[in-house]
Amino acid sequence: MTAIFGGLFGLATVTSVVALLIQVVPVRDERAMVADHLKGLSLPSKTTSTGPAPTPKKQRTPVAGPWRVSELAKDAAVLTVSDVMDRRSFVTALADKDVPKAQVYRILKAFEGVRKFDKSGRKDRFTVAMDRATRRIRAFEYEVAPSEVYQAREDASGVLTGAKLDMKIAEEEVVAAFYVGKDLTASYRAGGLEDGVLDIIDDAFNGRTSTENFKEGGTVRLILTEETALGLFSKYKKVIAVEYRPVDPEEKPMRAYWFTGQEAKGYFDDRAKQPHSGGWRIPVPGAPVTSHFNPKRLHPILKRPMPHTGTDFGAPSGTPIYAAYRGVVEHIGPAGPSGNLVTVKHPNGVTTGYAHMSRFVSGMKVGDRVGTRQLVGYVGTTGRSTGPHLHFTAKRDGKFFDAMTLDMDGEQPIAGVDRAAFLANKEALDKRLDAIPLPEPPAEPPPPEPAKEAAAGTPSPSADPAADPPPENIPTSAPNAAPKQEGSDPAANDPAEDATDEEGGEMIKGADLKNPPK
């Protein structure tokens, strides 16, 4: 009994102490504590339902510059004209602006030893200031870029003297990131970047991928240097480090780093390797070559010479096919013995072809720009084909050549003497890239208001199944039919020419068109 009484007394004592503590120590307000903690942090401004605000462009302070010809436009006695070169010779471009030949000679003489005008860029701009009455040149300006401007100006004695202007050139480092949206240009501008950034990103990846291949939902983080003229943006000089992170977490992010060592110079990947010059990639990664380019091949069935103008990669139907290099889609559609064919014209004068596809990538059309390693279709066995494979061709000046001479997927490791220094540089740049906050996606556009007709119960145009078009990218004609397509390569649609492109005389198969891989 004593033990029980003692236990009850002890429990009462503990309860009293707890009650006193509750009265003395106030209950913690967790929300208030979090709010007080956040007050001390530097956080982005609050976003609304319209999404996060775009990153503002870098603030730059203009610097006072030299006198410019445009100031003469205020003089009523002076005629000022301006234009771009646009593939014209220097003399022709000025003649088109009614500049007398003798005055053109004065300009050329003024720049003797300063600059030659035998070669001009298409976007080079010139400005001429002439006396309205006599057409005598008072001043002349030639702008290659905001950072490269040449000017000739009359002195007090009437002599025209040329010189390169001091544009106060400077370099600065820029750290940025952007979310890849539907509009890539709007994406990098929302990240505070200027036009021209995509070109140097492509230079950095050097064929491993290209910006045309960036998919919506991906992100880009980069460190780069920019050049300013008179304190304002002129151009991006180079990428120091860049990362492209695909939207699919199973895909490995790609990084590239600029490095200059004792022997090595250029962009390297995270394996300390760089592609051979050209940046061409195999269109079906990992697929074996089952038949090589052979202009004198003896046909295995017909037992007569029939050129094999491409390289065959054996792969199961439905295997993805990628563009070997960046370019513009020139043809997409059925093409006789080549079956479902895509051709891509590249900026270096080479046109590649991808034949016997089971289907094309959804939404692709003639005139679309594609990037290196961008999906263009899937392996099949349409056209003259004995089994699923990709027949890959390459043309230059209208003539087939061995595509394997493009040194596709060629790589070279960094020189041994530079490897340790590169790895140390890479480690430092990786830390800097990792420290760049991932960007926020853009705001979702408001949903469109329902049409009045729909609200009133009017059926939509697609309500009639008979009015629906055939499934996308599934040709309605036979696999070996080749209807002419606007903007496509006529040669690609010529069955007579295509008959030499592939295994002429073999069975025409088209099962993949009826049952395309999912």
Indicate the ring-plane relationship of Phe111 and Tyr150, choosing parallel, tilted or perpendicular according to the 30° and 60° boundaries. perpendicular
Lys/Arg-Asp/Glu bridge criterion (N-O < 4.0 Å) met for Arg432, Glu173: yes
Looking only at non-hydrogen atoms, find the nearest pair between Val180 and Tyr244 and report the distance. CG2-CE1, 4.4 Å
List the steps, then state whether side chain to side chain donor-acceptor pair (under 3.5 Å) holds for Glu141 with Gln151. CA-CA 4 Å; Glu141 208 162 85; Gln151 186 186 96; 2.7 Å; yes
Hey, are the side chains of Phe268 and Tyr257 touching, using non-hydrogen atoms and a 4.5 Å cut-off? no
Does the distance from a Lys or Arg side-chain N to an Asp or Glu carboxylate O, for Lys168 and Asp166, drop under 4.0 Å? yes
List the residues meeting side-chain hydrogen bond (donor to acceptor under 3.5 Å, both in side chains) with Thr352, not counting sequence neighbours, and say none if there are none. His346, Tyr354
Salt bridge or not for Arg60 and Glu226, using N-O below 4.0 Å? yes
Is there a donor-acceptor contact under 3.5 Å from the side chain of Arg221 to the main chain of Ile436? yes
Tell me whether the rings of Phe422 and Phe259 are parallel (<30°), tilted (30 to 60°) or perpendicular (>60°). perpendicular
Could you walk me through whether Asp203 and Tyr267 satisfy the side chain to side chain donor-acceptor pair (under 3.5 Å) test, starting with their C-alpha distance in whole Å, then the side-chain angles of each, then the deciding distance to 0.1 Å, before giving a yes or no? CA-CA 8 Å; Asp203 291 342; Tyr267 292 105; over 6 Å; no
Heavy atoms of Gly318 and Tyr378 approach each other most closely as O-CD2, 3.3 Å
Examine distances only and state if a side-chain atom of His308 and a backbone atom of His292 form a donor-acceptor pair shorter than 3.5 Å. yes
For the residue pair His391 and Asp312, confirm or rule out a side-chain donor-acceptor distance under 3.5 Å. yes
Taking the side chain from Ser147 and the backbone from Ala229, do they hold a donor-acceptor pair closer than 3.5 Å? no
Within 45° of the six-membered ring axis of Phe90 and under 6.0 Å from that ring's centre, is NZ or CZ of Arg88 located there? no
On a heavy-atom basis, which atom in Ala176 and which in Gly191 lie closest, and how many Å separate them? CB-O, 4.2 Å
Would you please test Thr382 and Arg359 for side-chain contact (heavy atoms from CB on, under 4.5 Å) and show each step? CA-CA 9 Å; Thr382 57; Arg359 61 189 175 102; over 6 Å; no
Under a 4.0 Å N-O cut-off, is there an ion pair linking Arg326 with Asp202? yes
